[in-house]
Amino acid sequence: MQRRFDERRHLQESGINPYPCSFEVTGHSRQIIEHFKEDAEEKVSVAGRIMAIRRMGKASFFHIQDSDGRMQIYLKKDEVGDDAYATFKLLDIGDIVGVNGYTFRTRTGEISVHAESFELLCKSLRPIPVAKEKEVEGEKVVFDAFADRELRYRQRYVDLIVNPEVRNTFIKRSAIVSHIRSFFTSQGWLEVETPILQPIYGGAAARPFTTHHNALDMQLYLRIANELYLKRLIVGGFDGVFEFAKDFRNEGIDRFHNPEFTQVELYVAYKDYDWMMRLVEELFQQTAIAVNGTAMTTFLGHEISLEAPFRRLTIADSIREYTGAEIEGKTETELRNLAKDLGLELDPKIGSGKIIDEIFGEFVEPKLIQPTFITDYPTEMSPLAKPHRSKPGLVERFELIAGGKEICNSFSELNDPVIQRQRLEEQASLRQRGDDEAMVVDEDFLRALEYGMPPTAGLGIGIDRLVMLITGEESIRDVIFFPHLKPE
RNA sequence: GAAUGCGUAGCUCAGCUGGUUAGAGCAUCUGCCUUUUAAGCAGAGGGUCGCAGGUUCGAAUCCUGCCGCAUUCACCA
């Protein structure tokens, strides 16, 4: 590094600004290669980071990497002049340069740019961990790639420079988000923004991060969900609203959980959860095809098809199928015994809904590899969902499970303010008994419902997990640019 | 929060039944080379072996504690 500082000074002393203001770029690597014509050389100006240099005395080859790929540059001392060639000798891998020249094909067949002049655009002071590549029987083999997980996450900028597949994953993430956004927008639904700092947190069962507002001298929470605010907007008269939301949950970290994560929540008036299932099928299939060109994906070693329709199974049927146990019409005591027979050790404080959830989570969910809608959950687990139209004790709710993990959650939203108040008060008493994830009564939300919310279908999609599913990445840290790590 | 594994040069790794001055490839530096592509050839520099203690004549190597990362489990999407 000291040497590079010296070079920086050396360049400055010889009148070269190592950090100029701009450079006129006329072409990018992939586009130049695609448009290349054998007998018509094209004038181009390209810019990028030097990734490899092969100097051969009075001529050199090097590769620059720009936003969409790599381009080889050929530089001859005769043509650029002695001074420029001397400057070139001071350049390092990692420096950013602009090159003016014309396209040609080398003796070995690589489409390249024959430089007529070049300009240093940024001196790099730290060596980048370059990996070398070689083609072996048509396959690219990478040698000594920058692979240390901790370094890759802490210095994602380096990871992105050096590992093209990482860059690709994030390009796909962006494509997934923009596809969902345009799908929703094209239905006429409104993209909105709601508070991240909330005086009362709600909409999910989770522990929040707390913070403090100095001027108001009050405690505030980072949202765990935005559900209750989006419903207020449906009360306000919008037919469809959605928000790509960063939510925050003060829970453990593992390869499926980051303390801040992204959900898109959607609420559509006059619809129910049945309609929402059809929407999710169509959305997921289209998104996968838009991003990967196919509805097939590989996740955790499984081939998964996102082709609609997805299997539908009530939670009771799913437990019957995977354990042989019957949960319908059972009392809490019977359910507890049943769980014990299956080998589950349960906290004696939990109620029947939670027991069913435990059985499901232990014996069913990990086995649901192909996308499956699990429907008709016990009321106790779902205080914001509408009672089922024909099955007492259940609500109109579904979760989409794929790859053994929950990807979506959806209900026909509860819009009866009287029942909603009862449910929230039940939550509050659970809270008093020590369940610190139970919900809090939000009087303003209840007031909104009392003005009247039309029948509404709601949906939340875990974007990080959907991106994992579609890209095949096996850790949430590989689909979040800057995953949470302890400080260095 | 618990268990297991890992931490050696800028990067990828070897060395770890304790024993001269800790190695290799790439990267870096010097010299040669005007169509190379893991360019090549000749030479050189580069390390508080994660941190702190301990055992020992002697520790990268054995022991203890701490820090960080990964995986699994628990909580959760």
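Note on naming: letters A, B, ... go to the chains in the order of the sequence lines (proteins, then strands), and numbering restarts at 1 for each one.
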**Student:** Is it the case that the side chains of A:Y74 and A:Q72 hold a donor-acceptor pair, with the cut-off being a distance below 3.5 Å and no angle test?
**Tutor:** no
**Student:** Please list, one pair per line, the donor and acceptor atoms closer than 3.5 Å that link side chains of residues 279-288 of chain A to other protein atoms, with sequence neighbours excluded.
**Tutor:**
{"residue": "A:E281", "atom": "OE2", "partner": "A:F310", "partner atom": "N", "Å": "2.8"}
{"residue": "A:E282", "atom": "OE2", "partner": "A:Q286", "partner atom": "NE2", "Å": "3.4"}
{"residue": "A:Q285", "atom": "OE1", "partner": "A:A308", "partner atom": "N", "Å": "2.6"}
{"residue": "A:T287", "atom": "OG1", "partner": "A:H179", "partner atom": "ND1", "Å": "3.1"}
{"residue": "A:T287", "atom": "OG1", "partner": "A:L283", "partner atom": "O", "Å": "2.6"}

**Student:** Holding to side-chain contact (heavy atoms from CB on, under 4.5 Å), I want the full list of residues that pass it with A:L222, two or more places apart in sequence or in another chain.
**Tutor:** A:I196, A:L197, A:F209, A:F248
**Student:** Quick one: which protein N/O atoms are closer than 3.5 Å to N/O atoms of nucleotides 44-49 of chain B? Pair and distance per line, please.
**Tutor:**
none

**Student:** Can you identify which nucleotide, out of B:U12, B:U36, B:A70, has its nearest atom closest to the A:A147 side chain?
**Tutor:** B:U12
**Student:** State yes or no: are the ring centers of A:F373 and A:F398 separated by less than 6.0 Å?
**Tutor:** yes
**Student:** Counting only side-chain heavy atoms from C-beta out, which of B:C69, B:C29, B:C33 sits nearest to A:D92?
**Tutor:** B:C29
**Student:** Of all of residues 457-481 of chain A, which get a heavy atom below 4.0 angstrom from RNA chain B, listed by number?
**Tutor:** A:R465, A:R477
**Student:** side-chain contact (heavy atoms from CB on, under 4.5 Å) with A:D92: which residues, sequence neighbours excluded?
**Tutor:** A:R3, A:R4, A:E7, A:D95, A:K123
**Student:** Please work out if A:D247 contacts a base, only the sugar-phosphate, or nothing of the nucleic acid, heavy-atom cut-off 4.0 Å.
**Tutor:** nothing
**Student:** Out of B:A77, B:U36, B:C69, which nucleotide sits closest to the side chain of A:F261?
**Tutor:** B:A77
**Student:** Applying side-chain contact (heavy atoms from CB on, under 4.5 Å), name anything that partners A:E358, two or more places apart in sequence or on another chain.
**Tutor:** A:L344, A:L346, A:I350
**Student:** Between B:C16 and B:G46, how many Å separate the two P atoms, rounded to a whole number?
**Tutor:** 25 Å
**Student:** Distance alone, cut at 3.5 Å: any donor-acceptor contact between the side chains of A:Y153 and A:D148?
**Tutor:** no
**Student:** Which residues pass the side-chain contact (heavy atoms from CB on, under 4.5 Å) test with A:V166, sequence neighbours left out?
**Tutor:** A:R152, A:R156, A:D159, A:L160, A:N163, A:F170
**Student:** When both hydrogen-bonding distances must be under 3.5 Å and the geometry is Watson-Crick or G-U wobble, what is B:G25 paired with, if anything?
**Tutor:** B:C11
**Student:** Looking only at the side chain of A:M56 (C-beta and beyond, no hydrogens), which of the listed nucleotides B:C69, B:U35, B:C11 gets closest?
**Tutor:** B:U35
**Student:** Using a strict heavy-atom distance below 4.0 Å, which residues from residues 222-233 of chain A are in contact with RNA chain B?
**Tutor:** none
**Student:** Using a heavy-atom cut-off of under 4.0 Å over every strand shown, decide if A:K354 touches base, sugar-phosphate, or nothing.
**Tutor:** sugar-phosphate
**Student:** Return the pairing partner of B:A3 with a 3.5 Å limit on both distances, Watson-Crick or G-U wobble; otherwise return none.
**Tutor:** B:U71
**Student:** Please work out which residues in residues 248-255 of chain A have a non-hydrogen atom less than 4.0 Å from an atom of RNA chain B and list them by number.
**Tutor:** A:R249, A:E251, A:G252, A:D254, A:R255
**Student:** Mind checking what makes salt bridge (charged side-chain N to carboxylate O under 4.0 Å, His left out) contact with A:R54, not counting sequence neighbours?
**Tutor:** none
**Student:** Going by atom types only, do A:Y229 and A:E227 share a side-chain donor-acceptor pair under 3.5 Å?
**Tutor:** no
**Student:** Heavy-atom contacts under 4.0 Å between residues 65-83 of chain A and RNA chain B, which residues?
**Tutor:** A:Q72, A:Y74, A:K76, A:D78
**Student:** Compute the ring centroids of A:F184 and A:W189, then answer whether they are less than 6.0 Å apart.
**Tutor:** yes
**Student:** Looking at A:L469, is its backbone amide N or carbonyl O close enough to the side chain of A:T297 to form a donor-acceptor pair, meaning the two atoms are under 3.5 Å apart?
**Tutor:** yes
**Student:** Between protein and nucleotides 24-27 of chain B, what N or O pairs are separated by less than 3.5 Å?
**Tutor:**
{"residue": "B:G25", "atom": "N2", "partner": "A:D144", "partner atom": "OD2", "Å": "3.1"}
{"residue": "B:C26", "atom": "O3'", "partner": "A:K132", "partner atom": "NZ", "Å": "3.4"}
{"residue": "B:A27", "atom": "OP1", "partner": "A:K132", "partner atom": "NZ", "Å": "2.6"}

**Student:** Mind checking if A:Q263 touches a base, just sugar-phosphate, or nothing, with heavy atoms under 4.0 Å?
**Tutor:** nothing
**Student:** Which is true for A:R55 with a 4.0 Å heavy-atom rule: it touches a base, it touches only sugar-phosphate, or it touches nothing?
**Tutor:** base
**Student:** Write down the distance separating the C1' atoms in B:C26 and B:A14, rounded off to the nearest Å.
**Tutor:** 15 Å
**Student:** Between B:C69, B:U35, B:C75, spot the one nearest the side chain of A:F61, thanks.
**Tutor:** B:U35
**Student:** Please give the nucleotide sitting opposite B:G40 as a Watson-Crick or G-U wobble pair, both distances under 3.5 Å, or none.
**Tutor:** B:C32
**Student:** Considering all heavy atoms of both residues, which atom of A:L414 and which atom of A:P383 are nearest to each other, and what is their separation?
**Tutor:** CD2-O, 3.7 Å
